[in-house]
Amino acid sequence: MKIARNTLIVLVLLYLIFNTLTLVSSPLLVRSFAADTLAEHNILMDSNSSVRLNLFNSSLTIKDLSLLQDDQSTYSLDELQLNYSFWRLAKKEVVIKGIHLKGMTLSANVQGDEIIVAGFDLNSFTETTQSDDMVANESEETNTSTDTQTTDTLTTDSSTETSFVDSLIFLAPDILLENINIDLTNEGTLHKITINRLELVQSEYRNQVLVSSMALDAMLDGASLGLNADVTLDADTAQADVAIDIAKFDTATYAYLLPPEINQLDVILDADLKLNISLLGEQINVNSSTINLSLSDLDVTEPMYQASLKSFDLSVPEFTATIVQGQGLVQLDMNNLHAGLTDSEIILSTVEKLSTSALQVSFDMNHDELDYTLTGEKVEVKGLMGSKVSEQLPALSTMEFIELNNLNVTPELVTLENINLGGGLAYVVLDKEYNLETLFNTDLLLEEEITIEETAKEVALEAETETETETETETVSTQPQPEEVELLD
């Protein structure tokens, strides 16, 4: 009895000593182990950084972590608190009781194939991984060729390990991230991403099924982004209820990503989406209870045309779709459309307002061609103007309104019950040769199209010539060179 008591006391003392040493030495150990890896990337850890592992209450605490490269901060973390349950591993349960991260700043730079995050060149990690994979593959091939029985044993061990991992249960009831700032420089353009709050609750992985709920409040280049999602995933199916709210998203920040044929695309986007998305094999089903999209201050410029739009509102009160089929209700409201020629005073058309009642829309792509139908009670267009070539001449045509009633559109046929026209005027001005002066010269459009096509062909031809030149150069450089022969008298 006395021996058992003394043994218990010794075990308790050893446990207390080990936990205390871990708590006290963990900051030094982390700093020592991380020093070599950080030094490879010319990164230093600030002396005030603290990382502590507390085995008494099963927690990991990081405070005032800061990484410096060339005296510039590439990463900082105010506080991270992680609480876990070590003893639940005995029941094959990995339990993260809570993660609370507060105050993180991160810089990242993407330039071509180079990706640097917090001062770390990710390509160097990729190269190391690829090298390790090559060594592992060579070793595996050697083992396979020398011993088939060993391979069978390894296969059995691997399947055992896989089944063990699949049998684990991962629980994370509370994950909270606050005040995260990311400075992302992509191809020389800075993007600021702020995560005010990201919360994951009741996350669970059990029997190869993942269940989680997420709430996100973020800012992207000044635009607000809200996301709420309830997700269920397994090996074959996925189910998600998603709500997305976007406000004041300005595309001007991303102008450098536009294709070369578009000179400018500026627009402010607001969106409110509520979707139910389900995935079964290759089948995707989308059901929406709310889709509201708003565009304002649209300005598009390309080599030939220029267009602007004060506002455009798209409302979809209900919609159901798969990859190849869909149907629902759509309502449009558009204000102040202007279309003209680039770098010219010629105006092709303007529309003050376009609005519709709820339009019933359906489509079917099961066949070789798209089959669709669109029906609506009313489409109303107000304040139309067409073809204004200069300030000195009036527009060719103006109309106060056009009203289309009981519209039905299919690929083969367009039907209307009636059309109401109001307040239309046409200004016909002829020159000495009886040409219509108030109609813009349509040959300008044809000439511009020909110019664009010729430019595209020239660019494609130059690229093809460069490719052929490079190929010929490589061929010449790889041809065997004649050996020098010394002639003897």
Side-chain angles (χ1 to χ4, degrees), residues 259 261-262 273 275-278 282-295 298 300 302 304-305 307 309 311-335 337-340 348-387 396-424 426 439-440 442-443 445-446 448-450 452-453 456:
E261 58 268 18
I262 299 180
L273 310 175
L275 307 172
N276 174 269
I277 304 171
S278 60
E282 297 182 355
Q283 181 71 27
I284 300 177
N285 296 311
V286 179
N287 297 300
S288 73
S289 58
T290 301
I291 298 179
N292 293 317
L293 298 177
S294 296
L295 305 179
L298 172 65
V300 182
E302 62 161 13
M304 189 190 316
Y305 301 108
L309 182 66
S311 66
F312 176 84
D313 296 319
L314 170 66
S315 176
V316 184
E318 60 180 69
F319 198 79
T320 301
T322 65
I323 294 179
V324 295
Q325 290 181 318
Q327 61 180 2
L329 298 176
V330 178
Q331 189 166 351
L332 303 177
D333 189 3
M334 183 181 70
N335 293 283
L337 171 65
H338 176 283
L348 301 180
S349 179
T350 62
V351 176
E352 290 183 5
K353 185 176 180 64
L354 183 149
S355 60
T356 72
S357 60
L359 304 175
Q360 182 71 42
V361 180
S362 64
F363 68 90
D364 188 343
M365 294 187 293
N366 278 317
H367 309 290
D368 294 336
E369 297 181 357
L370 173 64
D371 187 18
Y372 61 88
T373 60
L374 185 150
T375 59
E377 292 183 0
K378 180 185 292 188
V379 177
E380 188 174 18
V381 185
K382 294 182 178 180
L384 287 87
M385 183 187 75
S387 183
L396 173 61
S397 64
T398 60
M399 186 164 293
E400 291 184 6
F401 71 87
I402 298 177
E403 185 180 288
L404 311 178
N405 294 304
N406 293 331
L407 172 69
N408 184 64
V409 180
T410 66
E412 298 83 16
L413 185 66
V414 177
T415 61
L416 292 167
E417 183 175 292
N418 59 65
I419 302 177
N420 295 326
L421 305 177
L439 176 64
F440 64 89
T442 55
D443 292 339
L445 302 184
L446 181 60
E448 188 70 27
E449 289 177 354
I450 294 174
I452 293 175
E453 290 178 1

Next item on the list: Under the side chain to side chain contact (heavy atoms under 4.5 Å, CB included) rule, what do Thr375 and Leu359 come out as? Steps first, then yes or no, please.
Entry: CA-CA 6 Å; Thr375 59; Leu359 304 175; over 6 Å; no

Notebook entry, point to check: Where do Leu374 and Asn408 land on the side chain to side chain contact (heavy atoms under 4.5 Å, CB included) test, with the steps shown first?
Noted result: CA-CA 6 Å; Leu374 185 150; Asn408 184 64; over 6 Å; no

Evaluate the side-chain proximity of [Y] to [X]: yes if any heavy-atom separation is below 4.5 Å, no if none is.
X: Val351; Y: Val381; answer: yes
X: Tyr372; Y: Pro411; answer: yes
X: Leu337; Y: Thr350; answer: no
X: Leu407; Y: Val414; answer: yes

Checklist line | side chain to side chain donor-acceptor pair (under 3.5 Å) partners for Thr373, two or more places apart | finding: Ser362

Notebook entry, point to check: For Thr398, which residues count as a side chain to side chain donor-acceptor pair (under 3.5 Å) partner, sequence neighbours excluded?
Noted result: none

Notebook entry, point to check: Which one of Asp313, Val316, Leu314 satisfies the side-chain contact (heavy atoms from CB on, under 4.5 Å) criterion with Leu293?
Noted result: Leu314

For [X] against [Y], the heavy-atom pair lying closest together:
X: Phe401; Y: Asn420; value: CE1-O, 3.8 Å
X: Gly376; Y: Ser357; value: C-OG, 4.3 Å
X: Leu329; Y: Gln360; value: CD2-OE1, 3.0 Å
X: Leu309; Y: Asn335; value: CD1-O, 3.3 Å
X: Leu332; Y: Phe312; value: CD2-CZ, 3.9 Å

Notebook entry, point to check: So, does Thr322 use its side chain to make a donor-acceptor pair with the main chain of Gln325 at under 3.5 Å?
Noted result: yes

Would you say [Y] and [X] are linked by a side-chain donor-acceptor pair, where the criterion is simply a distance under 3.5 Å?
X: Ser355; Y: Asp333; result: no
X: Asn405; Y: Glu417; result: no
X: Asn292; Y: Ser315; result: yes

Next item on the list: Write out all pairs satisfying salt bridge (Lys or Arg N to Asp or Glu O under 4.0 Å) with one or both partners inside residues 401-413, taking only residues at least two apart or from two chains.
Entry: none

Next item on the list: May I ask you to check whether over 12 heavy atoms, not counting those of Lys382, lie within 6.0 Å of atom NZ?
Entry: no

Note to self: Under the criterion side chain to side chain contact (heavy atoms under 4.5 Å, CB included), I'd like the reasoning laid out for Leu275 against Ile291: C-alpha separation, chi angles, the key distance, then a yes or no.
What the structure shows: CA-CA 8 Å; Leu275 307 172; Ile291 298 179; 4.1 Å; yes

